[in-house]
There are 2 protein chains.
Amino acid sequence: MSYHPSWRGVTFHDVVPEGTLTPRAFLEDCLERIAEREPVVRAFTAMNVEDARAVADAATARRAAGRPLSAIDGMPIAIKDLIETRDMPTQMGCAAYAGNFPKRDSAMIQALREAGAVILAKAVTTELGQSEPGPTTNPWNPRHTPGGSSSGSAAAVAAGFVPVAIGTQVGGSIIRPAAYCGNWALKPSQGAIHRGERQGTSQSTAGPHANCAEDAWLVAREISRRVGGDPGHPGLQGPFTVPEPQRPIRIGVMRTEIWDRIPAAARDAFEQLVRSLSVEVLWPEEHPLLAAFEKRLSHANAVGGRITSFENRWSLCNLPRDKLAARTLARLDISMTYTAEDYHVALVERQAMRAAHAALAPVVDMLIAPSCPGPAPVWDPLAPDADDNPRPTGDAACNAGTSALGAPAVTMPLLAVGGLPMGAQVVCQPGEDARAIAYARWLYTHTPAVVV
Amino acid sequence: MSYHPSWRGVTFHDVVPEGTLTPRAFLEDCLERIAEREPVVRAFTAMNVEDARAVADAATARRAAGRPLSAIDGMPIAIKDLIETRDMPTQMGCAAYAGNFPKRDSAMIQALREAGAVILAKAVTTELGQSEPGPTTNPWNPRHTPGGSSSGSAAAVAAGFVPVAIGTQVGGSIIRPAAYCGNWALKPSQGAIHRGERQGTSQSTAGPHANCAEDAWLVAREISRRVGGDPGHPGLQGPFTVPEPQRPIRIGVMRTEIWDRIPAAARDAFEQLVRSLSVEVLWPEEHPLLAAFEKRLSHANAVGGRITSFENRWSLCNLPRDKLAARTLARLDISMTYTAEDYHVALVERQAMRAAHAALAPVVDMLIAPSCPGPAPVWDPLAPDADDNPRPTGDAACNAGTSALGAPAVTMPLLAVGGLPMGAQVVCQPGEDARAIAYARWLYTHTPAVVV
């Protein structure tokens, strides 16, 4: 299947609230697609079909009676397998957690169930959300990676298995796989979606993949209205309905630190997209604050990586080394050389990046950036040089900046390169998640897609 | 045993670094006291004597060779049973966690072991750190509570079982029991000591109980120099040696919201202590910013309680109700009525308290406050009205303010009321943990203790 940005996968809000499909009929459609394609896509680690049907039936009855619990009542959702659900194991793509089944619902899962959502499946993650890939393939071409670490979440949405899947991002794990698969996704502001038991790293977030901005927003908002954000954060704010499209006044271009290494075709496609925006655009060369921001973020990947590796050390040290992949161990061993002072220095560098971003608030309404450095790369675990590839699920360098900034990012499926999807992301100031959705909705309908 | 502030329990830095006792001999002294008094004090839920002896022997050899791993090499330490240690169960004083044994070391335990500390025992906590008491008695009078929730940690230090025990505080759970037992303790700045798996609440901290400021500081600093603070925080800063005593220029009095309900004898004792400080002191009536601060914090207990109850909801909802005490369930049920918006309002109120505190920074070097509302109350679980007592381990209202502020607090054993200990606490600005220790050391040696 060659990808074209005009493709629009299964969405929930278009058909269920209007009554075109009942939640149960919608679920059965999903199950048919899963039966057909999951053997190749391999997005899920576990499913709970029986309970899903019962919950969908209850939602069907509530909707028939005109009393849905929420806008997402009856929506089938898949959950990245780093997050705990009481009815399915949480194995985190890691042999050390094989059979781990804590029978707890993470705070966000409690919220989703309360809103009537149908928790259908756990989705493949790379090992502990790091670099070692799982078995998932890209729905647009199984020779290519779906991206990571939210591999299964991205692929499940693109394959029409579910309208929404929850992913998590510390470096580039929501936006990159979403872009590689042609999804929409929201990487929320730091703290905006309650991370439950996943509080071990300071720039991790949880957010929805979807086939439209509407489904993504509604899921995020229905979570935050019930459980708030992380401890100490009020959580994602904004309307309970989907923010209306809004035209930004001025846009800055965030090329990201990997710009010079993006394949020429992908770079040209992104530049063409930016040229066709019917809004004033500033390139870094056109404003000193944008240039300073770009310079300040030129090592975001390294700084964020150092912070995250140090933070992950304590949980990794509790796991048996023989149950960890070589790629995970390599990163752990590097992190063992960092001191608490190194960590402090990296935190200060990250703070400086955030200050450079905050300074842009009065200059541009939003930044636009490539969501990934070109289309999804080929990944063949049986290739002779596979073990030497440090990034089998692609490079997170387009996302390292927004992750370090704690800024909300919304990726839009507006590009196709060589028959595979590629995304562009709207980046706003921390807390401006609703604004990011509103801008993305406006841009999506006012910008011609680019196919090269 | 009637308490007098001249009492000074077992300390480590006075005897081991000087060579008066080897770590192994020090441990054996501790074990003798435990054998003698633990049947009544009941501070511990688990001990690992065999490994403790082996670690103490290794530390003894290192010290004999003049190569200690750290200032606390060979120090026996007890750990509140909310914190995971790989060699002892973590049962959190809760039937739902009976037999829970995750075989993991929390980040701070990894740091302590790396520094050569001897992890000797797990210490009793109230149920999940809330109100339902454990079996621990006050070492100064077993009819009285040791305070909570760090009941076992406080009692173990006062009884001479260990020179240092790690406690945790969300409302008043380090400083209050320490004061009830005649200990020193450091409740660090929010984020300063890595909380490991205990990241579920936004104003929780972990900190040491000890018999002197020196032992408390060294333990806290040896942890933070190895694992930093909470994710995103650099951790407790300051010298690796004990901060030298420092005379504050001006002190403000923080009476705390429970002032009018403190027993007259205790209030008089605290006032007498303040009058005898050989430093300029400002009462709230003498400076409008202090008066505004006192007014702003007049509901700190309620605000902090609302925040914490909402944050605890998600983990409590995953536990079977029949495994929770009635006191815990009562609090959970109240928290179920809070909305995410209520939580947001409480966070904003807490932010206002922090602003009122920050405004005091140029006005006074530190605040002095009672550490507890009088001596430890009598607690008899078999009394006819025991079930109706909402606070069997005493009232946290002297600590609710500092907890909500995220400010460091150091309690000093400077008061005795009716033969039981009572403490006074030094409170500084967030991040000023070393300064709080330095002021406390100076005040402790320049202020006559008060016995009433």
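Any value given below was found using the heavy atoms of this structure, including those in side chains, with hydrogens, waters and symmetry copies removed. Throughout, a chain's letter reflects where its sequence line sits, starting with A, and its residues are numbered from 1.
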Q: Work out which heavy atom in A/Gly207 is nearest to a heavy atom in A/Ile174; give both atom names and the distance.
A: N-CD1, 3.4 Å

Q: Applying side chain to side chain contact (heavy atoms under 4.5 Å, CB included), run through A/Leu297 and A/Leu405 and close with a yes or a no.
A: CA-CA 9 Å; A/Leu297 265 76; A/Leu405 296 175; 4.0 Å; yes

Q: Please identify, among A/Ala340, A/Ala107, A/Gly232, the residue contributing the most non-hydrogen atom pairs under 4.5 Å to chain B.
A: A/Gly232

Q: Give me the atom names and distance for the closest heavy-atom approach of A/Ala46 to A/Pro89.
A: CB-CD, 4.2 Å

Q: Which heavy atom of B/Met108 sits nearest a heavy atom of B/Ile83, and at what distance?
A: CE-CD1, 3.8 Å

Q: Show the numbers, then the answer: is there a side chain to side chain contact (heavy atoms under 4.5 Å, CB included) between A/Val348 and A/Val345?
A: CA-CA 5 Å; A/Val348 172; A/Val345 169; 5.8 Å; no

Q: Please flag which part of A/Leu347 lies under 4.5 Å from any non-hydrogen atom of chain B: side chain, backbone, both or neither.
A: side chain

Q: Using the side chain to side chain contact (heavy atoms under 4.5 Å, CB included) rule, take B/Leu112 and B/Val118 through it: C-alpha gap first, then chi angles, then the decisive distance, then the call.
A: CA-CA 8 Å; B/Leu112 288 171; B/Val118 177; over 6 Å; no

Q: Note each donor-acceptor pair with a separation under 3.5 Å, taking one atom from chain B and one from chain A.
A:
from     : atom 1 : to       : atom 2 : distance (Å)
B/Asp105 : N      : A/Asn318 : OD1    : 2.8
B/Asp105 : O      : A/Asn318 : ND2    : 2.9
B/Gln110 : NE2    : A/Trp314 : O      : 2.8
B/Gly232 : N      : A/Glu311 : OE2    : 3.2
B/Gly232 : N      : A/Tyr343 : OH     : 2.7
B/Glu311 : OE2    : A/Gly232 : N      : 3.2
B/Trp314 : O      : A/Gln110 : NE2    : 2.8
B/Asn318 : OD1    : A/Asp105 : N      : 2.7
B/Asn318 : ND2    : A/Asp105 : O      : 2.9
B/Tyr343 : OH     : A/Gly232 : N      : 2.7

Q: For residues A/Leu324 and A/Cys94, report the shortest heavy-atom separation together with the two atoms involved.
A: CD2-SG, 3.7 Å

